Colleague: 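Here it is: the structure, laid out below.
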Amino acid sequence: MLNTIACFKWVMDEADIKSDPKTHELIFDRVGYKISDYDRNAIEEAVRLQEKHGGTVVGVTVAPPGAKQCLKDALSRGPEKACFINDQSFTDLEPGQTASILAAAVSKMEYDLIICGEGSSDLYAQQVGPALAEKLGIPCATYVNKLTYVEEENKIIAERKLDDGIEVVCIQLPALVTVLPEINTPRIPSLKQVLGAAKKPVDNIGLDSLEGTFSPCLKTTGILAATMERRRLRFGTEAEDIRKVVEALLKEGVIA
Amino acid sequence: MAEIWIFAENREQTLELLNAGRSLAGGLGAKVAAFALDGKLAEEYINHGADEVLVLPSLAEDQPLESYVSVIAEEARREKPDIFLIGGTQRGKEMAARIAARLNTGLCSGCTALRLDEKKQLVMERMLFGGAAVQTVVCTTRPQMAAVPPRTFEQASPAKGREGKVRELPPVPGTPVTVVKRTPKVRESVDVTEAKIVVCVGRGVEKKEDIALARELAQVLGGEVGCSRPVAEELQWLPEDVYIGISGKKIKPELYIGVGVAGQIQHVTGMRDSKVVLAINRDENAPIFDAADYGIVGDLYDAVPKLIKELRNALKI
Amino acid sequence: MGEEKFAAIVVGAGPAGSTAAYLLAKEGLDVLLIEKGAAPGSKNMFGGRMYSHALHKIIPGFWEEAPVERPVAREIITFLSGDRSVSMNCQDLNWVKPPYHSFTLLRAEFDAWLASKAEEAGAMLACGILVDDLLVENGKVVGIRAGEDEMFADVVIAADGVNSIIAQKAGLARMFSPHQVATGVKQVIKLSAEEISRRFQVEGENGAAQLFVGDCTRGMRGGGFLYTNKSTVSLGLVITASELQKARYKISELVEDFKQNPHVSPLIEGGEVVEYSAHLVPEAGLNMMPQLCGDGILVAGDAAGFVLNLGYIVRGMDFAVASGEAAAKTVLQARKNSNFSRQGLGLYEQLLKQSFVFRDLEAYRKAPGFMENRRMFTAYPQLATGLLSEVFTVDGTPPVHLLGKILSQVRENGVSLAQLAGDSWKGARIL
């Protein structure tokens with residue numbers, strides 16, 4: 001039996017972000033939202049472990065109240081319950097704040113294992129997982145691409161993929177892991193799962209039920225779009241077009 | 001006296017950060033202290049700019065490097081450095097996040113640039129949204145922490161006759177994470193970051209065998225083959241050493257050719273400094289075309305063979 | 001859990017599907033609204049304007065809460081011919097007083113809002129789900145299958161758009177021919193709200209709708225469009241698919257040329273493209289209409305070909321909303337009689353016949369045929385622009401009265417007077 005918490009973040013779809021060509025400011029007008037890609041892997045891993053070992057999976061997120069639709073998405077992926085830690089002030093949180101808020105809520109929950117994505121697809125600071133582990137005082141393993149639960153000994157064996165090679169570690173539960181996208185392929189929710197999500201319970205946790213203050217340490221002094229000047233010329237696949245491309249490359253002096 | 005601390009899991013990165021540390025120290029009138037995993041490196045670090053070297057004790061065979069977090073954090077809590085730079089390898093990033101959590105301070109991960117402002121605060125830059133934007137931050141708490149990716153700075157140059165203190169740190173307590181196996185990575189002989197021409201394979205390529213097309217194109221041009229993250233990590237058609245992107249390799253070739261690459265921002269961030277970009281994709285709305293100088297909209301299985309033929313012709317091969 | 005049975009399953013959360021689901025849910029029925037896109041509207045696209053009358057009937061004063069862009073005060077038709085263009089530009093301020101004649105809007109936001117109204121009313125909305133097949137028992141549609149999940153209902157409403165797989169699977173429709181649809185390609189271009197109002201000469205929040213005929217389609221059947229949104233414009237081309245296939249042009253290249261046309265580029269100068277989209281548009285009207293109902297199934301919206309393109313007026317959304325309304329009323333009545341057979345659903349066609357849907361489609365039934373007249377897209381724009389340009393030109397040449405000018409232009413453009421007279425007469429009667 002394994003009680004797992006899967007943490008997820010509701011993020012802007014970075015593919016929808018545009019920028020003003022003159023001021024280089026970012027334009028978020030028509031941006032869609034999604035569960036951060038790596039968090040889908042985290043939820044999927046938690047659900048796989050549950051299918052194998054039994055127990056529960058709770059999806060937990062920290063978000064402003066307007067992000068409610070993330071819950072249906074998360075619940076359609078397998079957890080039986082979601083925990084919506086929300087407050088108006090929870091916008092543009094820095095990782096340290098998210099970790100503290102999660103710790104304040106999770107410390108009151110029963111869990112054996114916490115699974116996070118290796119980083120969020122918007123900020124990709126890769127801090128919340130390990131920071132949360134520290135705040136809770138539990139051990140962690142990051143960059144995990146294979147996870148096994150050894151039931152008899154209540155420990156996990158985590159294979160970490162690091163720059164210099166593979167490191168396999170063993171940790172006694174309770175513990176936290178952050179997972180790489182290659183650990184699994186998240187399932188596409190079926191119709192029944194999507195409909196079922198609407199019926200699953202959600203715990204709403206507000207700021208007043210959390211202990212501690214969650215002030216930021218960092219201050220953003222600017223955000224500008226990364227610019228790239230490119231010609232953006234287009235061609236087809238006809239022989240004439242290919243010839244023109246090769247001519248251009250020769251002219252640019254980039255091929256021998 | 002204000003102190004700038006440096007920790008990196010290997011020698012190369014320590015030297016890189018010593019370079020950055022020394023520039024900052026100049027502006028702040030501060031001292032630089034570097035952690036060393038091996039006492040034998042202390043002298044080298046002092047020669048390259050460290051005023052003090054903190055030698056970490058050796059770890060047991062089954063202790064992962066991250067076990068140093070408690071010792072390092074404890075030292076930082078006592079000595080209160082002003083700035084703490086950490087080498088942003090995978091382990092480094094984990095350690096930085098945990099140390100920052102223990103010290104209740106802010107951490108700028110993936111910090112690609114550092115400087116001091118008029119108020120002598122550390123101004124840090126990092127990328128957002130997969131590389132679509134650059135964010136500038138300052139930290140209002142101390143220490144100001146940054147996790148810096150490898151090769152962001154050049155290694156410091158040695159100076160003669162530098163002196164510095166060496167201090168040994170106490171042993172690391174037992175840690176709850178035990179290593180049961182280590183398998184070092186077999187380095188691929190190809191370094192895609194050095195190649196002048198890179199042909200990059202994306203998900204538009206339908207079968208693993210079809211990478212041969214990209215290889216042929218690379219061969220005609222004397223270039224190397226790279227790929228986007230999914231091709232290496234999910235499909236595992238190519239080694240991770242050659243995947244190009246914000247979390248992979250960053251390349252600056254003369255010519256980048258994307259074959260069936262969609263051009264998600266995370267990938268584009270890895271090749272944005274290419275001199276000339278050619279993209280081949282069947283989807284006219286693929287974002288790669290915004291990042292390309294020359295875009296061939298069409299089936300790569302049609303375009304690439306034609307391209308190879310035309311190139312052989314033009315280059316008389 | 002036992003098999004779920006719904007009163008109705010609506011496939012497609014576009015304007016037809018969401019309207020049907022909304023009305024049924026309001027009556028307390030268990031309705032399942034299934035959308036293949038991640039969100040309603042994400043897979044939808046249109047030129048840019050909806051005529052309000054149909055939705056106002058369902059949700060009176062919808063503009064107070066719906067995400068609409070600008071109410072249209074100015075209608076413009078422009079003929080393009082090389083260096084010359086001729087526009088008919090009409091502003092009617094009554095159009096922008098309640099109940100607001102029409103609005104420009106953006107489908108991602110609008111469709112999502114309309115589907116959320118259905119959800120609020122009690123419909124279950126499932127997104128990101130593709131319906132693979134119908135469940136049929138004894139020749140009667142009893143539900144749908146999506147992946148491995150089967151859902152049952154008394155009736156299925158196929159509102160799944162121009163290429164309705166559901167209508168085809170039910171044997172009600174055949175795959176359309178390229179002759180019967182048009183390819184529409186659109187770009188959404190960002191400009192400041194003030195600049196838009198200035199360039200299109202509209203006040204405050206008002207907007208303009210402009211259609212283009214002539215050069216932009218290189219002689220192919222179709223036209224260009226431009227609709228002003230709050231701080232973007234929707235610009236694009238619609239060209240009959242069969243003609244595009246024959247010609248060697250790529251519609252995306254034609255759109256780029258269109259944007260650079262000297263009569264168009266000043267309107268979008270300095271704007272940045274923020275979105276590209278493409279979609280198929282049913283064109284053949286009643287001539288391509290499938291059977292509208294079968295045992296346990298109704299077809300609504302674009303899936304039923306309910307689109308009217310007269311060149312100077314293009315309508316799809318109001319038909320979709322009205323057909324969704326008719327479908328809902330039909331289902332409610334069928335429930336009362338517990339008869340969901342083709343006969344039991346017969347009210348659908350009746351309601352459509354009584355409403356503007358059939359009335360207008362029937363009245364303009366000959367329009368698609370008339371629009372096949374190549375002269376509409378080549379000779380006549382040339383003639384109109386040539387004529388007007390001559391009329392306004394003062395350059396010292398001997399004076400010619402209007403009639404003379406008309407006749408010389410007609411000759412120059414290779415059109416016979418008989419053709420001109422015949423086309424004018426026919427056009428005036430058919431359009």
Side-chain angles (χ1 to χ4, degrees), chain A residues 14-15 17 26 94-96 99 121-127 130-131 133-135 139 141-143 157 162-172 181-182 217-226 228 230-237 239 241-243 245-246 248-250 252 254-256, chain B residues 64 89-91 93-94 97-98 100-102 105-107 109-110 128-141 176-185 221-222 233-234 254-255 265 272 275-277 289-299 302-303 306-307 310-311 314-315:
Chain A
E14 62 278 2
I17 301 175
L26 295 177
E94 68 190 45
S121 52
D122 55 352
L123 302 182
Y124 202 58
Q126 301 175 302
Q127 289 182 34
E134 284 302 312
K135 304 261 180 213
T142 52
Y143 306 105
I157 312 232
L162 303 168
D163 315 276
D164 53 6
I166 306 279
E167 181 180 89
V168 182
V169 299
C170 181
I171 321 182
Q172 196 75 38
E182 44 266 42
C217 300
L218 297 173
K219 207 170 72 155
T220 300
T221 55
I223 297 185
L224 284 180
M228 191 173 28
R230 290 286 171 196
R231 288 178 195 254
R232 302 197 180 116
L233 300 168
R234 298 219 179 182
F235 300 84
T237 54
D241 280 19
I242 306 279
R243 215 169 300 135
V245 170
V246 172
L249 293 179
L250 280 166
E252 295 263 15
V254 291
I255 54 182
Chain B
T89 52
Q90 314 277 62
R91 292 188 207 277
K93 287 185 276 194
E94 178 190 320
R98 289 171 55 189
R102 283 187 180 225
T105 189
L107 166 65
S109 315
L128 289 184
F129 307 123
V134 175
Q135 178 189 30
T136 320
V137 295
V138 295
C139 182
T140 58
T141 51
V177 178
T178 46
V179 180
V180 291
K181 193 162 111 171
R182 287 186 180 88
T183 317
K185 180 159 25 184
L221 292 168
E233 302 293 2
E234 286 168 46
E254 294 274 296
L255 173 62
I265 185 70
R272 58 182 299 114
K275 179 163 176 244
V276 175
V277 176
F289 290 121
D290 272 335
D293 299 294
Y294 305 98
I296 298 177
V297 181
D299 188 351
D302 180 24
K306 283 181 179 160
L307 195 53
E310 190 58 40
L311 282 166
L315 300 173

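Small disclaimer: the values here were computed from a predicted structure and weren't measured. Proteins come first, then strands; the chains are lettered A, B, ... in the order of their sequence lines, and each starts at number 1.
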Colleague: To the nearest 0.5 Å, what is the distance between CZ (B:Arg91) and CG (A:Asp164)?
Modeller: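 The CG atom of A:Asp164 is 5.0 Å from CZ of B:Arg91, to the nearest 0.5 Å.
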
Colleague: Using a 4.5 angstrom heavy-atom cutoff, name the option from B:Thr136, B:Asp299, B:Val177 with the most pairs to chain A.
Modeller: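 Most heavy-atom pairs within the cutoff with chain A belong to B:Thr136.
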
Colleague: Let me confirm one number: the CD-CD distance from A:Glu252 to B:Glu254, rounded to the nearest 0.5 Å.
Modeller: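 So the gap between those two atoms works out to 10.0 Å.
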
Colleague: Check side-chain contact (heavy atoms from CB on, under 4.5 Å) between A:Leu224 and all other residues, then give those that pass, not counting sequence neighbours.
Modeller: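 A:Leu224: side-chain contact (heavy atoms from CB on, under 4.5 Å) contacts with A:His24.
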
Colleague: Closest heavy-atom contact between A:Glu14 and B:Phe129?
Modeller: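 Of all heavy-atom pairs spanning A:Glu14 and B:Phe129, the closest is CB-O, 3.9 Å.
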
Colleague: I need the A:Leu249 CG to B:Leu315 CG distance, nearest 0.5 Å.
Modeller: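 So the CG of A:Leu249 and the CG of B:Leu315 are separated by 9.5 Å.
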
Colleague: Please classify the contact between B:Thr141 and chain A as side chain, backbone, both or neither, with a heavy-atom cut-off of under 4.5 Å.
Modeller: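 It is both, since atoms from each part get that close.
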
Colleague: Is it the backbone or the side chain of A:Ile17 that comes under 4.5 Å from a heavy atom of chain B, or both, or neither?
Modeller: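 When you check distances to chain B, only side chain atoms of A:Ile17 fall under 4.5 Å.
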
Colleague: What are the two closest non-hydrogen atoms of B:Gln135 and A:Ile223, and how far apart are they?
Modeller: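 For B:Gln135 versus A:Ile223, the nearest heavy atoms are CG-CG1, 4.2 Å.
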
Colleague: Measuring heavy-atom distances to chain B, does A:Gln172 have an atom under 4.5 Å in its side chain, in its backbone, in both, or in neither?
Modeller: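 Backbone only.
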
Colleague: Please find the pair of heavy atoms, one from A:Pro139 and one from B:Pro176, that lie closest to each other, and give the distance.
Modeller: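 Result for this residue pair: CB-CG, 3.6 Å.
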
Colleague: Mind listing the closest non-hydrogen atom pair of B:Ile296 and A:Gly236 along with its distance?
Modeller: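 Of all heavy-atom pairs spanning B:Ile296 and A:Gly236, the closest is CG2-O, 3.5 Å.
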
Colleague: Can you tell which part of B:Ala100 gets under 4.5 Å to a heavy atom of chain A, answering side chain, backbone, both or neither?
Modeller: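 Answer is neither: B:Ala100 stays 4.5 Å or more from chain A.
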
Colleague: Which one, A:Asp241, A:Ile171, A:Leu233, leads in non-hydrogen pairs under 4.5 Å with chain B?
Modeller: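 With the most close heavy-atom pairs to chain B, the winner is A:Leu233.
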
Colleague: Considering residues, nucleotides and ligands other than B:Lys181, do more than 12 of their heavy atoms fall under 6.0 Å from its NZ?
Modeller: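 Count not over threshold, so no.
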
Colleague: What residue in A:Gly222, A:Ala99, A:Gly165 has the most heavy-atom pairs under 4.5 Å with chain B?
Modeller: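 If we count pairs closer than 4.5 Å to chain B, A:Gly222 comes out on top.
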
Colleague: Suppose we screen for side-chain contact (heavy atoms from CB on, under 4.5 Å). Which residues come up paired with A:Arg230, at least two apart in sequence or across chains?
Modeller: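 A:Met228, A:Arg232, B:Ser274, B:Val277, B:Asp293.
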
Colleague: Measuring from atom CG of B:Asp302 to atom OG1 of A:Thr237, what distance do you get when rounded to the nearest 0.5 angstrom?
Modeller: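 Separation between the atoms: 4.0 Å.
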
Colleague: Which one wins on heavy-atom pair count under 4.5 Å against chain A: B:Lys306, B:Arg102, B:Glu94?
Modeller: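 So the answer, after comparing B:Lys306, B:Arg102, B:Glu94, is B:Glu94.
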
Colleague: Considering only heavy atoms and a distance below 4.5 Å, find which of B:Gly295, B:Gly106, B:Pro184 pairs most often with chain A.
Modeller: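 Highest number of pairs under 4.5 Å: B:Gly295.
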
Colleague: Is there side-chain contact between B:Glu233 and A:Pro181, with at least one heavy-atom pair below 4.5 Å?
Modeller: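 Sidechains of A:Pro181 and B:Glu233: no contact.
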
Colleague: Which of the residues B:Ser109, B:Gly131, B:Gly298, B:Gly222 is involved in the greatest number of heavy-atom pairs with chain A at under 4.5 angstrom?
Modeller: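 Of the options given, most contacts go to B:Ser109.
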
Colleague: Of all the heavy-atom pairs spanning B:Leu307 and A:Ile242, show the shortest one and how long it is.
Modeller: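 For B:Leu307 and A:Ile242, the tightest heavy-atom pair comes out as CA-CG2, 3.7 Å.
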
Colleague: Counting only heavy atoms from other residues, nucleotides and ligands, does the tally under 6.0 Å from NZ of B:Lys185 exceed 12?
Modeller: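 Yes, because the 6.0 Å sphere around NZ of B:Lys185 holds more than 12 heavy atoms from other groups.
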
Colleague: Between B:Ala303 and chain A, with a heavy-atom cut-off of 4.5 Å, which part of the residue counts as in contact: side chain, backbone, both or neither?
Modeller: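 For B:Ala303, the contact with chain A is made by backbone and side chain together.
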
Colleague: Which heavy atom in A:Lys135 sits nearest to a heavy atom in B:Ala101, and how many Å separate them?
Modeller: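 Taking A:Lys135 first and B:Ala101 second, the nearest heavy atoms are NZ-O, 3.3 Å.
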
Colleague: Out of B:Thr140, B:Thr178, B:Leu311, which one racks up the most heavy-atom pairs below 4.5 Å with chain A?
Modeller: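 Sorted descending by pairs with chain A, the first entry is B:Thr178.
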
Colleague: Just give me the residue among A:Cys170, A:Ala239, A:Ser121 that pairs up with chain B most often, heavy atom to heavy atom, under 4.5 Å.
Modeller: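 The candidate making the most pairs under 4.5 Å is A:Cys170.
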
Colleague: Nearest 0.5 Å, what's the CG-CG distance between A:Leu26 and B:Leu128?
Modeller: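 Reported value, rounded in 0.5 Å steps: 8.0 Å.
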
Colleague: Report the distance from atom CZ of B:Arg98 to atom OG1 of A:Thr142, rounding to the nearest 0.5 Å.
Modeller: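 Taking CZ in B:Arg98 and OG1 in A:Thr142, the distance rounds to 8.5 Å.
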
Colleague: Between A:Ala248, A:Ala141, A:Ala15, which residue shows the highest count of heavy-atom pairs closer than 4.5 Å to chain B?
Modeller: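 Most heavy-atom pairs under 4.5 Å with chain B: A:Ala248.
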
Colleague: Non-hydrogen atoms of chain B under 4.5 Å away: do they reach the side chain of A:Gln127, the backbone, both or neither?
Modeller: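 For A:Gln127, backbone and side chain are both near chain B.
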
Colleague: Which atoms of A:Tyr143 come close to chain B, meaning under 4.5 Å heavy atom to heavy atom: side chain ones, backbone ones, both, or neither?
Modeller: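 Just the side chain, heavy atoms under 4.5 Å.
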
